Protein chains: 2
Amino acid sequence: MKKGEKTKNLILAQSLQLFSKNGFSGTSVRDLSSSVGLRESAIYNHFSSKKAILAEIFEKFGQSTAGLNLLDDELINMLNKPQKFMQTFSEKLLRKWGDIEEIHFFNLVLKENGTEINGIKISVNSLLEDAQKVWVMIFTEMTNHKFIKKGSPEIFANEFIAPLFFIRMKFLLDEDNIDLKSAIKQANEHTEFFWESIKR
Amino acid sequence: MKKGEKTKNLILAQSLQLFSKNGFSGTSVRDLSSSVGLRESAIYNHFSSKKAILAEIFEKFGQSTAGLNLLDDELINMLNKPQKFMQTFSEKLLRKWGDIEEIHFFNLVLKENGTEINGIKISVNSLLEDAQKVWVMIFTEMTNHKFIKKGSPEIFANEFIAPLFFIRMKFLLDEDNIDLKSAIKQANEHTEFFWESIKR
DNA sequence: GTCTATAAGGAGATAGAC
DNA sequence: GTCTATCTCCTTATAGAC
């Protein structure tokens, strides 16, 4: 990181927090600068406009990984034990979702859903669809290797992911009431229930 | 409805639409009045403040029914046919969710999640929890009457509702891309899949 | 890179005529 | 109930000194 980027990153971090709490329109450059400890005008030394800050937040956090980065070797080697695989993955995913920056970003996406930024529409849907695609792949693989029973990988993916998103909304949305423990517990219950439906 | 309430209701309707699209902070009284066809000051003849409009929107739409009002006699008499019951209910629920005012209100709740209004916190969670409670009751009933297999009604409720919310987010969130047909199709697939897990 | 000062317009809200 | 006119404060953003 360049030396001069320190303040810029501080502005980005504070912006993410404030935007996620009060929305883009609900946050003034004044709010923002005072939370960083600068004057308003100093902000414009790092960003050309308020909207440019939002754009850069989405550049930084916006490339949804849909949990793809969680698929390390340890997990891949578990593909032949689907229940263990799903349980391990869920827990990793929820821990990632429980991270304060992830929570802020998710809240921001919910608040700014539909807003256009640099010609790209902010969309909750894209988050859901990305996750779905990954799991269609995984269940296709599992079906091909006969680790699970025959069936539509699309339906399997929906049925597996939907409750995880539900859990995220219930336990990992309000930063003052993060309940990772309950989230993981409920995810385990889900995986167990789901496994009964897809085991051979 | 009183005679003088006509304009007031028009203001409420337009506000719901604009707030849901641009957020509360992103909508000015000016935007609002011009969309109604009045001057700003005329708004204050019906509401004491901009915030009072938001409050009244939540009074009008806010009492989540969680689908309770969908439980008519026709449905209640189907309790002994759980699959048919769930399928009929889902379709009714999705049709309700596909209503343009419901979509606007849901988007508003997502945008203003966490905002306090008259001391009450706007919360997506309360929507989820309300729905969950209703279905815990239903599955308890079904279990007691041995229409479905033994199991935790709470888990059954989560597993049944979560995919419906997922479907709502996917097909009934963006008012310019409402896809009720796909929503109902996917809900039927879900019900069928879920039924296999809970039938005796 | 941050400061002070300032521009130019938008915000919510009120007063009083019709 | 709606209008015109107006108030006061806040908003994003820029200019130029240090």
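On a predicted model such as this, the values are computed, not experimentally measured, just so you know. In what follows, chains carry the letters A, B, and so on, assigned in the order in which the sequence lines appear, proteins first and then strands, with residues in each chain numbered from 1.
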Only counting residues at least two apart or in another chain, list the ones meeting ring-ring contact (aromatic ring centres under 6.0 Å, His included) with Phe89(A). Trp135(A)
Within residues 11-22 of chain A, the residues having a heavy atom closer than 4.0 Å to DNA chain D are none
List the residues meeting side chain to side chain donor-acceptor pair (under 3.5 Å) with Ser35(B), not counting sequence neighbours, and say none if there are none. Gln14(B)
Sort and list the pairs that fulfil salt bridge (charged side-chain N to carboxylate O under 4.0 Å, His left out) and have at least one residue in residues 124-141 of chain B, not counting sequence neighbours. none
Establish, with yes or no, whether the OP1 or OP2 oxygen of dT2(C) is under 4.0 angstrom from a side-chain nitrogen or oxygen of Thr7(A). yes
Can you check each nucleotide of nucleotides 8-18 of chain D against protein heavy atoms at under 4.0 Å and return B for base, S for sugar-phosphate only, - for none, in 5' to 3' order? ---BBBBB---
Could you check how far NE2 of His46(A) sits from C1' of dG1(C), rounded to whole Å? 6 Å
Are Lys21(A) and Glu175(A) within salt-bridge range, i.e. N to O under 4.0 Å? no
Does Glu116(A) have any salt bridge (Lys or Arg N to Asp or Glu O under 4.0 Å) partners at least two apart in sequence or in another chain, and if so, which? none
Please list, chain by chain and in numerical order, all residues satisfying salt bridge (Lys or Arg N to Asp or Glu O under 4.0 Å) with Glu40(B), sequence neighbours excluded. Arg30(B)
With sequence neighbours excluded, tell me which residues meet salt bridge (Lys or Arg N to Asp or Glu O under 4.0 Å) with Arg39(A). none
Could you list all the salt bridge (charged side-chain N to carboxylate O under 4.0 Å, His left out) pairs where at least one residue sits in residues 160-173 of chain B, not counting sequence neighbours? Glu102(B)-Arg168(B)
Let me check the geometry of the helix from dG1(C)-dC18(D) to dC18(C)-dG1(D). What is the bend angle between the axes at its two ends, five pairs each, to 10°? 10°
By side chain to side chain donor-acceptor pair (under 3.5 Å), Ser197(B) pairs with (sequence neighbours left out) Ser197(A)
Rounded to the nearest Å, what distance is computed from the CZ atom of residue Phe47(A) to the P atom of nucleotide dG1(C)? 12 Å
Arg39(B) has an atom CZ; how far is it from atom C1' of dG12(C), in whole Å? 17 Å
What pairs with Ser28(A) under side chain to side chain donor-acceptor pair (under 3.5 Å), at least two apart in sequence or on another chain? Asp31(A)
